[in-house]
Amino acid sequence: MWQTLKTETVFDSRFVKLHKDKVRLPDAAIIDDFYTVTIPNGAMICALTSDGDIILKKEYRYACRSDIIECPAGMFEAYDNDPLDAAQRELLEETGYTSANWQYLGGTRESTSKLTNTMHLFLAENCIKTSEQKLDDTESIELIKIPFNNAINMVMSGEIVSNSTAHLILKVARLKGL
């Protein structure tokens with residue numbers, strides 16, 4: 001195991017924390033500047049309609065400098081005690097859809113060498129449109145509703161590149177025997 005010898009918080013905000021650690025490796029080597037990034041945990045939803053379509057979103061991601069196709073998702077707020085609460089809120093806000101049929105599929109991690117957060121994955125079935133989107137000021141989301149098998153193909157062709165989205169779609173595909 002790696003041993004933390006010293007931790008320094010380099011930056012701390014609501015959205016991101018950057019730590020600089022001094023660590024000792026199992027072979028006794030020392031790394032003086034190993035950085036980790038902490039962002040809030042999040043919830044991501046594979047939202048399926050009763051006719052088997054998946055509800056995806058296309059959103060410009062500044063860090064990538066491009067539009068990215070993803071499943072609806074969002075970070076936990078300070079008041080979220082349960083990942084399901086965050087998932088239900090984010091599905092409604094980003095898509096206007098709700099579901100009475102939720103299944104927790106576990107957590108996933110993105111860049112495991114640097115990021116510390118967990119993305120909690122959910123399947124929401126028989127989703128129905130109940131309202132308009134309630135987007136944050138920084139969000140501009142185009143909804144995409146397509147057959148679920150098309151989404152699997154988009155993962156395999158590289159059209160869907162978000163790790164968490166790909167993980168969730170393939171997990172649901174296996175769950176459904178596809």
Side-chain angles (χ1 to χ4, degrees), residues 15 39-77 79-178:
F15 297 108
I39 59 176
N41 289 335
M44 178 173 275
I45 308 96
C46 178
L48 301 178
T49 64
S50 60
D51 57 2
D53 287 344
I54 184 171
I55 303 158
L56 298 169
K57 64 178 187 171
K58 183 191 292 187
E59 184 173 8
Y60 181 78
R61 294 300 194 180
Y62 177 78
C64 301
R65 305 296 198 274
S66 64
D67 289 327
I68 302 292
I69 297 171
E70 302 170 306
C71 288
M75 69 179 196
F76 288 15
E77 298 292 344
Y79 54 80
D80 286 324
N81 295 316
D82 182 352
L84 179 60
D85 293 338
Q88 290 172 330
R89 180 189 66 249
E90 290 298 331
L91 180 63
L92 179 62
E93 287 178 1
E94 291 191 345
T95 69
Y97 282 78
T98 59
S99 173
N101 187 358
W102 289 83
Q103 183 177 353
Y104 182 64
L105 301 179
T108 191
R109 298 193 179 243
E110 289 286 324
S111 179
T112 56
S113 66
K114 298 294 177 194
L115 290 178
T116 65
N117 70 305
T118 298
M119 181 66 77
H120 296 272
L121 305 177
F122 289 88
L123 170 60
E125 295 187 277
N126 300 314
C127 293
I128 57 171
K129 181 95 169 157
T130 58
S131 73
E132 295 304 313
Q133 293 171 298
K134 297 177 181 89
L135 301 176
D136 294 337
D137 292 339
T138 59
E139 293 176 317
S140 178
I141 293 173
E142 175 189 339
L143 295 182
I144 302 168
K145 194 169 93 165
I146 59 171
F148 184 72
N149 281 333
N150 290 11
I152 297 169
N153 293 336
M154 291 168 74
V155 169
M156 300 311 293
S157 72
E159 191 174 350
I160 290 178
V161 297
S162 161
N163 289 336
S164 293
T165 294
H167 186 172
L168 179 54
I169 288 170
L170 295 178
K171 198 168 204 170
V172 170
R174 174 61 58 91
L175 183 70
K176 299 220 167 267
L178 302 174

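These numbers were taken from a predicted model, which means no experiment stands behind them.
Of all heavy-atom pairs spanning Phe122 and Ala87, the tightest one is CD1-CB, 3.6 Å. Listed here is the closest heavy atom pair of Phe76 and Ala43: CE1-N, 3.9 Å. The nearest pair of heavy atoms linking Ser157 to Met154 is OG-O, 3.3 Å. Cys71 and Ile45 make their closest contact through CB-O, 3.2 Å (heavy atoms, listed as atom of the first residue, atom of the second, distance). Residue Leu92 comes nearest to Ser131 through the heavy atom pair CD1-OG, 3.3 Å, listed as atom of the first residue, atom of the second, then distance. Scanning all heavy atoms of the two residues, the minimum distance from Cys127 to Ile55 falls at CB-CD1, 4.2 Å.
Residues His167 and Met44 have side chains not in contact (no heavy-atom distance under 4.5 Å, counting atoms from C-beta outward). By the 4.5 Å heavy-atom criterion applied to side chains, Leu91 and Thr98 are not counted as neighbours. Here the side chains of Met75 and Ile39 are not in contact, with every heavy-atom distance at 4.5 Å or above. Residues Arg89 and Asp80 are in side-chain contact: their nearest non-hydrogen atoms beyond the backbone lie under 4.5 Å apart.
In this structure, the separation between CD on Gln88 and CD on Glu90 is 11.5 Å, given to the nearest 0.5 Å. Taken to the nearest 0.5 Å, the CG atom of Asn153 stands 9.5 Å off from the CD1 atom of Ile160. The distance from the NZ atom of Lys57 to the OG atom of Ser140 is 11.0 Å, given to the nearest 0.5 Å. The CG atom of Leu121 lies 11.5 Å from the CD atom of Gln103; values are rounded to the nearest 0.5 Å. Atom CD in Glu59 sits 11.0 Å away from atom OG in Ser162 (nearest 0.5 Å). For the atom pair CD1 of Ile54 and CD1 of Ile146, the computed distance is 7.0 Å after rounding to the nearest 0.5 Å.
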Got a list of side-chain donor-acceptor pairs under 3.5 Å for residues 169-178, not counting sequence neighbours?
from	atom 1	to	atom 2	distance (Å)
Lys171	NZ	Leu105	O	2.7
Lys176	NZ	Glu125	OE2	2.5

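Side-chain atoms of Thr49 and Asp51 include a donor-acceptor pair closer than 3.5 Å.
Checking side-chain atoms of Lys129 against main-chain N and O of Thr95 turns up a donor-acceptor pair under 3.5 Å. A donor-acceptor contact shorter than 3.5 Å links the side chain of Gln133 to the backbone of Glu94. Judged by distance alone, with hydrogens and angles left aside, the side-chain atoms of Ser99 form a donor-acceptor pair with the main-chain N or O of Asn101 at under 3.5 Å. At least one donor-acceptor pair under 3.5 Å links the side chain of Asn41 to the backbone N or O of Thr118. Between the side chain of Asp82 and the backbone N or O of Leu84 there is at least one donor-acceptor pair closer than 3.5 Å. In this structure, Glu110 contributes its side chain and Ser164 its backbone to a donor-acceptor pair below 3.5 Å.
With sequence neighbours excluded, no residue forms a side chain to side chain donor-acceptor pair (under 3.5 Å) with Tyr79.
Residues in residues 137-146 take part in no salt bridge (charged side-chain N to carboxylate O under 4.0 Å, His left out) pair, two or more places apart or across chains.
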